[in-house]
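To keep things clear, I will list the structure first and then write my remarks on it.
Atom set for the values below is all heavy atoms of this structure, side chains included, hydrogens, waters and symmetry mates excluded. All values derive from a computational prediction rather than experimental measurement. Numbering starts at 1 and runs along the sequence shown.
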Amino acid sequence: MDFWQRYRAIDARDTRFDGQFYTAVRTTGIYCRPSCPARTPKAENVTFYETSAAAHDAGYRACKRCLPEAVPGTPAWNLRSDIAGRAMRLINDGVINRDGVEGLASRLGYSSRQLNRILSHELGAGPLSLARASRAQTARTLLVSTQMKLADVAFAAGFSSVRQFNETIGEVFDMTPTALRGTAVRGTARHHRTPAATTALTLNLPYREPFDPGIFEFLAVRSVPGIEAGTATSYARALRLPHADARFSVEYDAGAPGRPLVLTIGAVDLRDLPSLLSRVRRLLDLDADPVAIDSALEADPRLAPAVRTVPGIRMPGALDPQELLVRALIGQQITVAAARTALTQLSACGSGSRVPADGLDRLFPTAAQIADEGYSLLRGPQRRIDSVRAAAGAMAAGDLDFGYGDDFAGLHTKLLPLPGVGPWTAGYVAMRVIGAPDVFLANDAAVRNGILALAAGSADAETGGWLPRHTPDFSEVSPWRSYATMHLWRAAATHPRPTAKRQAPSLPHDPAI
């Protein structure tokens, strides 16, 4: 977006741009979200910044009226595959809190000096400032959503000391932590200690509307008993985080004011809280811009009816990259139900959770556990079992290292040499691990069935009139073809398979678990 496009957005107070850029006003020394209700400043007094950290580094403070930190994240971090996008995904996952700037730079293949120069040029702030802004955002969420002690909030947000926490909150928000907590609208937020010396709390997750809750059904039918559970409006999970085991549930209430997404964390080590919040947001694709995505998809007549029926479709992410690769390998060329059965068998080699409750008492097996003995629990073609064992062994040995900080090309380079991994598997992992928005799985049987299902429901179904006029890989809707894939999977699952033409033998069957 250029300057005037952004200025028109703030003049219209368009909420869909909240979190995508920040507006700083020289005459007030304040930066705001685009939808701030304050009077629109004169254009000559406005500077736009890509990140709140850049605005703060330039000497601006957060607006107390619109609270620019209380918005969904920037969708560009998934759309961008450059160093800036990759770095922001890792910063949001808490890498700097755990490993420092050197650790972040090492993961990205740069020196810390080079990384600082690149991020300062691209985003207007260096990695430490970006991490600081992320901590401030997490701290604000905890202050206004819970009654956690201020010291607990400080360390949960990633600050190294209470003094650093107090100074940052004062500089960013021009308020003390206690005053910032006083701005909260009192609700049902809760916080208490669990017996395992972990923390439990409840808070709302911001997102951009519209929101299609179908992502919960996607996760529910793929849930492994004992590890995860889901319904049409909720999802719960036990998982392993860098410092300790955790447990959470998310519930969507379409009938409540504001249609909240309520995250209930049953247990988490405070040091893992930023990582957990980031991964839950990635899992549910809460930083997406559904208006922009739907507008692009609706322009294609093949997808327009589906988009009008299901606005705001989301692309599920991954809570653990290594786990997702194992799920993808097992889910190839078999049905969702069969893959779920296989994963349930495999889960027997996993460890018990240290914070069990609500029927969630196990953790998904580690790569080492699968490589040592878990592969023997699998049934089916030996080639698939060998592929799972080889991938797990490579991950356990450290020979295969991938995650949220990879780009699309780099991820393919790492995965394609593995036995049993082809373009479909690598593309599916890219969709779910790094949130790659422009993946189209053309050789997927469910995608082909979805195309036929949508064609059968179109006005000119007898001739398939719209098919010859458009590219088979849906390049017209780039860079949102991953979301087109989600619509086609939905169509294949909810519409009877056309029987006019016999299908050729499939490659990958349903979307991998």
Taking the side chain as everything from C-beta on, heavy atoms only, tell me whether [X] gets closer than 4.5 Å to [Y].
| X | Y | value |
| --- | --- | --- |
| F218 | R490 | no |
| L441 | W489 | yes |
| L325 | L400 | yes |
| I10 | C36 | no |
| L142 | L273 | yes |
| Y7 | F48 | yes |
| F474 | D300 | yes |
| S52 | E69 | yes |

Under 6.0 Å from the [atom1] atom of [X], do we count more than 12 heavy atoms belonging to anything else shown?
| X | atom1 | answer |
| --- | --- | --- |
| E298 | CD | yes |
| D386 | CG | yes |
| R389 | CZ | no |

Can you check whether [Y]'s main-chain N or O pairs, donor with acceptor, with [X]'s side chain at less than 3.5 Å?
| X | Y | result |
| --- | --- | --- |
| R481 | D473 | yes |
| R135 | F159 | no |
| S134 | L130 | no |
| D14 | A9 | no |
| E228 | V224 | yes |
| R208 | P290 | no |
| R86 | A84 | no |
| T335 | A338 | yes |
| S120 | N116 | yes |
| R282 | R432 | no |

Kindly compute the distance separating [atom1] ([X]) from [atom2] ([Y]), expressed to the nearest 0.5 Å.
| X | Y | atom1 | atom2 | answer |
| --- | --- | --- | --- | --- |
| R33 | T23 | CZ | OG1 | 11.5 Å |
| I330 | I370 | CD1 | CD1 | 6.5 Å |
| D285 | I313 | CG | CD1 | 10.5 Å |
| L415 | Y428 | CG | OH | 14.0 Å |
| L219 | E217 | CG | CD | 10.5 Å |
| M486 | L297 | CE | CG | 12.0 Å |

Quiz item: Taking NZ, NE, NH1 and NH2 as the nitrogens, is one of them in R279 or D93 under 4.0 Å from a carboxylate oxygen of the other?
Solution: yes
Practice problem: Answer yes when D99 and R107 have at least one side-chain N-carboxylate O distance shorter than 4.0 Å, and no when they do not. | Solution: yes
Can you name the closest pair of heavy atoms from [X] and [Y] and give their distance?
| X | Y | answer |
| --- | --- | --- |
| Q5 | M1 | OE1-CA, 3.1 Å |
| S35 | D18 | OG-OD2, 2.7 Å |
| A238 | L363 | C-CD2, 4.0 Å |
| A306 | L454 | CB-CD2, 4.2 Å |
| A339 | G331 | CB-CA, 3.9 Å |
| C32 | P68 | C-CB, 3.9 Å |

Exercise. Quick one: do L284 and Y207 satisfy side chain to side chain contact (heavy atoms under 4.5 Å, CB included)? Show the steps, please.
Key: CA-CA 10 Å; L284 301 177; Y207 63 91; over 6 Å; no
Quiz item: Can you list the steps and then say if D320 with R240 is a salt bridge (charged side-chain N to carboxylate O under 4.0 Å, His left out)?
Solution: CA-CA 9 Å; D320 183 296; R240 184 184 297 102; 5.6 Å; no
Self-check item: Ring geometry between F211 and Y252 (parallel below 30°, tilted from 30 to 60°, perpendicular above 60°)
Solution: tilted
Exercise. Check step by step if side chain to side chain contact (heavy atoms under 4.5 Å, CB included) holds for L276 and L239.
Key: CA-CA 10 Å; L276 177 61; L239 73 161; 4.2 Å; yes
Quiz item: salt bridge (charged side-chain N to carboxylate O under 4.0 Å, His left out) between R237 and E323: does it pass, once the steps are laid out?
Solution: CA-CA 13 Å; R237 172 72 196 251; E323 173 188 324; 2.7 Å; yes
Quiz item: Does the ring of F21 carry R6 above it, NZ/CZ under 6.0 angstrom from centre and within 45° of its axis?
Solution: yes
Self-check item: Ring centres under 6.0 angstrom apart (Y49, Y31)
Solution: no
Exercise. Could you point out which residue of V477, D294, I451 forms a side-chain contact (heavy atoms from CB on, under 4.5 Å) with L303?
Key: V477
Practice problem: Decide yes or no on side-chain hydrogen bond (donor to acceptor under 3.5 Å, both in side chains) for T264 and E251, but give the supporting numbers first. | Solution: CA-CA 8 Å; T264 301; E251 186 168 0; over 6 Å; no
Practice problem: Begin from the C-alpha positions of I30 and V25 and carry the test side chain to side chain contact (heavy atoms under 4.5 Å, CB included) through to its verdict. | Solution: CA-CA 6 Å; I30 298 297; V25 184; 5.6 Å; no
Quiz prompt | side-chain hydrogen bond (donor to acceptor under 3.5 Å, both in side chains): pairs with one or both residues in residues 403-422, sequence neighbours excluded | solution = D406-K414
Practice problem: For T425 and Q332, test the side chains for any donor-to-acceptor distance below 3.5 angstrom and give the result as yes or no. | Solution: yes
Quiz item: Which is it for Y235 and I215 under the side chain to side chain contact (heavy atoms under 4.5 Å, CB included) test, yes or no, and what are the steps along the way?
Solution: CA-CA 10 Å; Y235 177 76; I215 191 170; over 6 Å; no
